[in-house]
Q: 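Input: one structure, supplied below.
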Amino acid sequence: MRNGSEPSSAMAGMAARVLIVEDEAHARHYLRELLEGEPHVEVVGESSNGVQGAHQIRELSPDIVFVDIQMPGLDGFGMIDQIAGSRPPLFIFVTGYSEHAVRAFEIEAVDYLCKPFDKQRLSTSIERAIRRLSSDVPSAVGSQWLTRLSIKDDERILFVPVDEIIWIEAANKYVVVYTSTGSHISRQTIQGLEDQLNPREFVRTHRSTLVRKAAVRGLHPLFHGDYLVKLVNGAEVPLSRSFRGPFFREMSR
C-alpha cells in the first residue's frame, strides 16, 4: 500500500496502475479490453474474488481498482473493509445492481458503473479517477485536506463544501455539522474529522466542538476560566480551560 506521502504512479507522470476484481471471467476480459484502449491507465493485475483482490491490493499498490460487488465468499465491500487502515486506492464499482450505489458513495467511490456499460462510460470514470488522483497529491507543506464532506441523508448523498462549515459538534459516534444553511449528521468521530481538516482553518474549543476560525466573532467569559465562543451565525459554543491556550495561539495566527 502507498503511504500518505508517496505519490501515485499517475502523479509521477506514468499511467495509473489498475487492478480488476471481478468473479466472472467474461466480465474481466471485457473490462480489460476496454481499459487497454485507455492511454492513461495500465492494468497490473486481475482477481477473481475479494480475498485475492485484497491480497493483490497490498502487493501491487494499484492507483485504481475496478471491483464487482456481488462475489462469492468475500464481496466487494468486505474486501474494502479488509484493507482499511492504510491509504487505499480509488475504487470504481462495476455491478449489475443499482441498489448498492448509496453505500458505494458513502465510502467515497469514484464511480458506480452499472452493467452493461460502453467504452465512453468507462472513459468518463477513468477521467474522474485521474482528476481525483491529481487532487490528492500531497503539497510541499503537508497532506491534502478535505474540501468537501460526503454525508448520507436518508437515501441521498450530500456533498457539503468545507468552506460552508461554521462549526462541528460531537454526538456519541456521530458529529453534527453546522453550516450557514442548516445542519447535517455524519457517522464519524470529531477527532477523525479534525485530522482531515486544515488546522489553519479550524480549531478545537472543547473535546466536543470544532469551529472555523473565521467564524469566531467574540468571547463571553464564564466562571473558572471558561468562555462562550460567539460565532457568525449567532451560535455560542463552549471554550474549556483545557483548550483555552491552544485556541488563543491558533486565533492569533
Q: CD1 of I185: more than 12 outside heavy atoms within 6.0 angstrom?
A: no
Q: Name the residue from V67, L113, V18 that meets the side-chain contact (heavy atoms from CB on, under 4.5 Å) definition with I92.
A: L113
Q: Do the non-hydrogen side-chain atoms of R241 and R244 ever get within less than 4.5 Å of each other?
A: yes
Q: List the atom of L133, the atom of A16, and the distance in Å for their closest heavy-atom pair.
A: CD1-CB, 4.1 Å
Q: Taking the side chain as every heavy atom from C-beta outward, state whether L60 and R17 have any pair of such atoms under 4.5 Å apart.
A: yes
Q: Using modelled atom types only, decide if a donor and an acceptor are shared between the side chain of R32 and the backbone of L35 within a distance under 3.5 Å.
A: no
Q: Check whether any side-chain heavy atom of W167 sits under 4.5 Å from a side-chain heavy atom of T205, and report yes or no.
A: no
Q: With rounding to the nearest 0.5 Å, note down the distance linking OG1 in T209 to CD1 in I168.
A: 10.0 Å
Q: Is the backbone N or O of K230 less than 3.5 Å from a side-chain atom of R217, with the two atoms forming a donor-acceptor pair by type?
A: no
Q: Main chain of E24, side chain of E22: is a donor-acceptor contact present, judged purely on distance under 3.5 Å?
A: yes
Q: Can you list the steps and then say if F77 with F93 is a ring-ring contact (aromatic ring centres under 6.0 Å, His included)?
A: CA-CA 10 Å; F77 291 118; F93 285 95; 5.2 Å; yes
Q: Which atom names give the shortest non-hydrogen contact between S183 and V176, and what distance separates them?
A: CB-CG1, 4.0 Å
Q: Is there a side-chain contact between S48 and R28 in this structure, where contact means two heavy atoms from C-beta onward sitting under 4.5 Å apart?
A: yes
Q: Supply the atom-to-atom distance L74 CG to I80 CD1, rounded to the nearest 0.5 angstrom.
A: 10.0 Å
Q: Which value, rounded to the nearest 0.5 Å, describes the distance between E194 atom CD and R204 atom CZ?
A: 4.5 Å
Q: Just checking, any donor-acceptor pair under 3.5 angstrom between side chains of S186 and Q188?
A: yes
Q: Do F243 and Y227 make the cut of ring centroids closer than 6.0 angstrom?
A: no
Q: Could you measure the distance from the CG atom of D163 to the CZ atom of R148? Nearest 0.5 Å is fine.
A: 13.0 Å
Q: In sequence, state the C-alpha distance, the side-chain angles, and the governing distance for V162 and W145, and then conclude on side chain to side chain contact (heavy atoms under 4.5 Å, CB included).
A: CA-CA 10 Å; V162 167; W145 307 110; over 6 Å; no
Q: If we ignore hydrogens and angles and just use 3.5 Å, is the side chain of K213 paired with the main-chain N or O of E250 as donor and acceptor?
A: yes
Q: Is it true that L231 and M251 fall in one hydrophobic cluster, defined by side-chain heavy atoms closer than 4.5 Å?
A: yes
Q: Answer yes or no: are there more than 12 heavy-atom neighbours, outside D118 itself, under 6.0 Å from its atom CG?
A: yes
Q: Please assess L146 against L197 for the test side chain to side chain contact (heavy atoms under 4.5 Å, CB included), listing each intermediate value before the final yes or no.
A: CA-CA 6 Å; L146 283 182; L197 295 173; 4.2 Å; yes
Q: Should M79 and V51 be counted in the same cluster of Ile, Leu, Val, Met, Phe, Trp and Tyr side chains packed under 4.5 Å apart?
A: yes
Q: Looking at every non-hydrogen atom in both residues, tell me the closest pair between D23 and P72 and how far apart they are.
A: OD2-CD, 3.5 Å
Q: Heavy-atom count check: over 12 atoms from other residues, nucleotides or ligands less than 6.0 Å from E36 CD?
A: yes
Q: With the 4.5 Å side-chain cut-off for hydrophobic clustering, are L219 and V232 part of the same group?
A: yes
Q: To the nearest 0.5 Å, what is the distance between CD (E127) and CD (E38)?
A: 8.0 Å
Q: Assess whether atom CZ of R187 is packed by more than 12 heavy atoms of other residues, nucleotides or ligands within 6.0 Å.
A: no
Q: Could you pull out the closest heavy-atom pair between D226 and S240, with the gap in Å?
A: OD1-CA, 3.6 Å
Q: Does the side chain of Q70 come under 3.5 Å of the side chain of T95 through a donor N or O and an acceptor N or O?
A: no
Q: Flag the pair S180 / I166 as yes when at least one side-chain heavy-atom distance between them is below 4.5 Å, and no otherwise.
A: yes
Q: Can you give me the closest heavy-atom contact between H206 and P238, atom names plus distance?
A: CB-O, 3.8 Å
Q: Look up atom CZ in R128 and atom CD1 in I126, then write down how far apart they are to the nearest 0.5 Å.
A: 11.5 Å
Q: Please evaluate residues V94 and I20 with respect to the criterion side chain to side chain contact (heavy atoms under 4.5 Å, CB included), reporting the C-alpha separation (whole Å), side-chain torsions for both, the decisive distance (0.1 Å), and the verdict.
A: CA-CA 10 Å; V94 181; I20 300 170; over 6 Å; no
Q: Can you tell if the side chain of I64 reaches within under 4.5 Å of the side chain of S125, non-hydrogen atoms only?
A: no
Q: Could you list the residues that satisfy ring pair (Phe, Tyr, Trp, His ring centres under 6.0 Å) with F117, not counting sequence neighbours?
A: Y30
Q: Before giving the answer on side chain to side chain contact (heavy atoms under 4.5 Å, CB included), spell out for V203 and V216 the whole-Å C-alpha distance, their side-chain angles and the decisive distance to 0.1 Å.
A: CA-CA 10 Å; V203 61; V216 175; 5.6 Å; no
Q: Given side chains that start at C-beta, do those of V21 and Q56 come closer than 4.5 Å, heavy atoms only?
A: no
Q: So L34 and F66, do their side chains get closer than 4.5 Å, heavy atoms only?
A: no
Q: Grab the two heavy atoms, one from R58 and one from Q82, that are nearest each other, plus how far apart they are.
A: NH2-O, 3.1 Å
